[in-house]
Amino acid sequence: MTPNRTMFWQIDHVWVFYALAALATVLFLAGLGAHVRLWGTFKGTSNISFLGDALKKMVLDALLGRRLFKGDWAAGLMHLFIFWGFLTLFIGTTVLAIHHYVMSFLTGAPYLIFSIAMEAAGLLLLTGVIWALIRRYLQRVPRLERRIEDAVVPLWLLVMVLSGFLVEGARLSALQPEWGVWSFAGWWVKGLFSPATGEAVYPSLWWAHTFLSLGFIAVIPFTKLFHILGAPAAIYVQGAVTPIPLTMGEGSNQPDLRDAVFFDGCMRCGRCFSVCPSAGAGEPFSPRDFVQAMRRRLWEDHSPVGDIRFLNRDDRPLDEQAFWYCTTCRACLEVCPVYGAAFEAVTKNRVSAVEEGTQVPALLSQTLEKLFKYQNPWESSKRKRGAWADGMDVTDLTKKGAEADLCYFVGCTTSFDDTAQRIARSFTKVLQMAGVNFGILGKKEPCCGDIARRVGELGLFEEQREGCLDLFDQVGITEVVTSSPHCFHTFKNEYPDAPFRARHYSLVLKELLDEGRLSFKKAIPATVTYHDPCYLGRHNRIFDEPREIIQAIPGIRLKEMTHHHADSLCCGGGGGRMWQDLQGEVKMSALRIREAEATGAEILITACPLCLIMLEDARKAVGLKPPFRVMDLNELVLEASGFDQR
């Protein structure tokens, strides 16, 4: 007899199945339509277009799980088991329907191959679901939450798969087909039933499996299972829709299409939570909780029926103060499987808070006032801005007739803070030693606008950007080097069509080294470690140049910390936090300084004034004494160049 499958064997009232299938389809489409309608209300919908690169990224990250393996191979493999197991079973069910209603082709060898594929897919899904439950409830992976929905969904899948194997086992036990062994999992299960028992219980098991399967399809849009559709959509949209720049004006910085799809595609996997420096320091901010609160707010504000999710109606309000704890370090985007930038949504909330004049921390308000009046967040004066250069014979480019090939933009923090001024003095001496024709803007140097931009004061940022551009134009500046990665990032990424080239000093040092204009005459026999500043590393992908400079110094042994490169820990000074009074269980900088100490290094090197301040303060706070030192890269370079710093 030719191998085949008899559809609806022993099943009466088949019309009930059709009615249930129709109901499940209607509910699924209604939920999907609700999501699509919601997305359509946001800015950016008209900008979406077909892009091959975005589609390729979606295939690699959603279908092949490339992004999921980053930093957690176990989670990636588990997810692939569930995804491909479920998808293959869904495709198999569709193939069966085509075979039954359209064209009969599942007979003979094709049916045997089909049987093996379905059994393998079922076991793959079963393995993935059990693995997921073990990770969440036995291993208790810290980043995973344990809400009711988190148990119901995998248990539903588990029972659904097991019931499918029971149905197959009962059928094979009753019919005893010659080809039954090809359905190998069901063939193992058939041993649970005698032929008579299998035939008797088959209809009940079939209906139970049908209810579970159709019900599962129906609830997908109404639970976190929507991630199945929302995640691929989010990955595609992030690549196919041009981000809408922040602009001034009430209501102009509301969430856009990219935000809405990202919020809906979030599965609460907790990867962002596990790398967030604020959450790690025991502070009240979590990017995962923030995204979920924003998703709930969008549905409540833009859907006529409110939030359609019914298994996880978390009614906790969004903490209007918590997002001020975000460092904007970009670590969340680095690990998010759907490329969700929670820190960008945080900035939009800050913009709204500043525009409304509410929920802005008092100390930050004072800082913004000082920025507006004095062009810096530190001093109630502009006159002291160039005081660090007294006696150093540095050209002031704002003086009549002064010219230079390179403008050294010192920045607010490096100009005024006593610790950070070490950067300016060291870099100036290095440039002078290398014979670089450079100058500074002295007391007329404006703020680049970074601080205002990070905390959401767009009006002030626009003023400061225009002030910089005007001064640069007056002086004729075309080449700029900055002390701060924050200034560098602002010039490079937030000054559209800027008529000058901006570089961070590490790039200039590397260029001087490559050209032979910088050489190291003194060996430094020490073990060192390097701290990647967030706005130099993660934001602008400058990881190698500072390390290449360090390793070019004779005697140096570079040892990496546990977290380095794109996985570096934030010092806690970014995102406007330097000018706020924020408390957690522990200081981020203390965590980082202890990690540096654990390497056995004698010197911790960084390349950012905020990092230098935060880490130096942490060194003192935790009681680390010489020979352990915190140094800026310029200081190390100057020492290795043989310059007498006494």
Side-chain angles (χ1 to χ4, degrees), residues 5 21 24-25 27-29 31-32 35-36 54-69 72-100 102 105-106 110-111 113-133 135 152-165 167-168 183-186 209-210 212-237 261 264-269 337-338:
R5 168 73 67 89
T25 302
L27 288 173
F28 175 83
L29 292 177
L32 177 60
H35 284 275
V36 173
L55 185 63
K56 178 182 177 181
K57 179 183 285 188
M58 184 189 75
V59 170
L60 290 173
D61 290 317
L63 300 185
L64 301 182
R66 176 184 63 175
R67 186 85 165 167
L68 291 167
F69 284 93
D72 193 342
W73 68 268
L77 196 59
M78 176 270 294
H79 181 274
L80 282 189
F81 281 8
I82 294 176
F83 176 79
W84 279 106
F86 180 83
L87 181 61
T88 304
L89 290 174
F90 181 80
I91 293 173
T93 303
T94 304
V95 169
L96 269 179
I98 295 172
H99 162 76
H100 182 67
V102 180
F105 60 91
L106 283 180
Y111 175 72
I113 295 172
F114 175 82
S115 297
I116 291 177
M118 292 301 98
E119 300 296 285
L123 289 176
L124 200 64
L125 178 57
L126 183 64
T127 302
V129 171
I130 292 175
W131 194 352
L133 288 167
R135 282 171 53 82
V152 169
V153 168
L155 287 174
W156 193 333
L157 262 175
L158 181 66
V159 175
M160 188 173 73
V161 177
L162 291 175
S163 67
F165 283 130
V167 169
E168 184 73 353
S183 297
F184 56 90
H209 180 66
T210 296
L212 287 168
S213 301
L214 293 178
F216 190 84
I217 297 297
V219 304
I220 283 176
F222 306 98
T223 66
K224 73 175 187 177
L225 284 166
F226 184 72
H227 167 82
I228 297 171
L229 303 173
I235 293 170
Y236 182 80
V237 166
V261 181
D264 268 345
C266 175
M267 184 74 166
R268 294 191 289 107
C269 70
V338 297

> Between Phe86, Phe222, Phe28, Phe90, which is the residue that forms a ring-ring contact (aromatic ring centres under 6.0 Å, His included) with Phe216?
Replying inline: Phe86
> Got a sec, which residues hit side chain to side chain donor-acceptor pair (under 3.5 Å) with His35, two or more places apart in sequence or on another chain?
Replying inline: Asp264
>> Any heavy-atom pair between the side chains of Leu229 and Leu32 that's under 4.5 Å?
In response: yes
> Any side-chain heavy-atom pair from Met118 and Glu168 closer than 4.5 angstrom?
Replying inline: no
> Going by heavy atoms in the side chains, are Leu80 and Leu68 under 4.5 Å from each other?
Replying inline: no
>> Within this structure, what is the CE-CZ distance for the pair Met267 and Phe226, rounded to the nearest 0.5 Å?
In response: 12.5 Å
> Hey, mind stepping through Val261 and Tyr236 against side chain to side chain contact (heavy atoms under 4.5 Å, CB included) and telling me if it holds?
Replying inline: CA-CA 10 Å; Val261 181; Tyr236 182 80; over 6 Å; no
> Roughly how far, to the nearest 0.5 Å, is CG of Leu125 from CG of Leu158?
Replying inline: 9.0 Å
> Residues two or more places apart in sequence or in another chain: which of them pass ring pair (Phe, Tyr, Trp, His ring centres under 6.0 Å) with His209?
Replying inline: none
> Between His227 (side chain) and Gly265 (backbone), is there a donor-acceptor pair under 3.5 Å?
Replying inline: yes
> What are the two closest heavy atoms between Gly122 and Val161, and how far apart are they?
Replying inline: O-CG1, 3.6 Å
> Does some side-chain heavy atom of Glu119 sit less than 4.5 Å from a side-chain heavy atom of Phe165?
Replying inline: yes
> Could you give the distance from CD1 (Ile91) to CG (Leu96), rounded to the nearest 0.5 Å?
Replying inline: 12.5 Å
>> If you compare all heavy atoms of Pro337 against all heavy atoms of Ile235, which two are closest, and at what distance to 0.1 Å?
In response: O-CD1, 3.7 Å
> How many angstroms lie between atom CG of Leu212 and atom CG of Leu157, to the nearest 0.5 angstrom?
Replying inline: 10.0 Å
> Do Asp72 and Arg135 touch side chain to side chain, with heavy atoms closer than 4.5 Å?
Replying inline: yes
>> Are Asp61 and Val338 packed together at the side-chain level, in the sense that at least one heavy-atom pair is separated by less than 4.5 angstrom?
In response: no
> Side chains of Leu77 and Phe69: closer than 4.5 Å at any heavy-atom pair?
Replying inline: yes
> Going from CG on Leu87 to CD1 on Ile228, what distance comes out if it is rounded to the nearest 0.5 angstrom?
Replying inline: 9.5 Å
> Is there side-chain contact between Tyr111 and Ser115, with at least one heavy-atom pair below 4.5 Å?
Replying inline: yes
> Do side-chain atoms of Trp84 reach the backbone of Leu64 as a donor and acceptor pair under 3.5 angstrom?
Replying inline: no
>> For the CD1 atom of Ile217 and the OG1 atom of Thr93, what is their distance to the nearest 0.5 Å?
In response: 8.0 Å
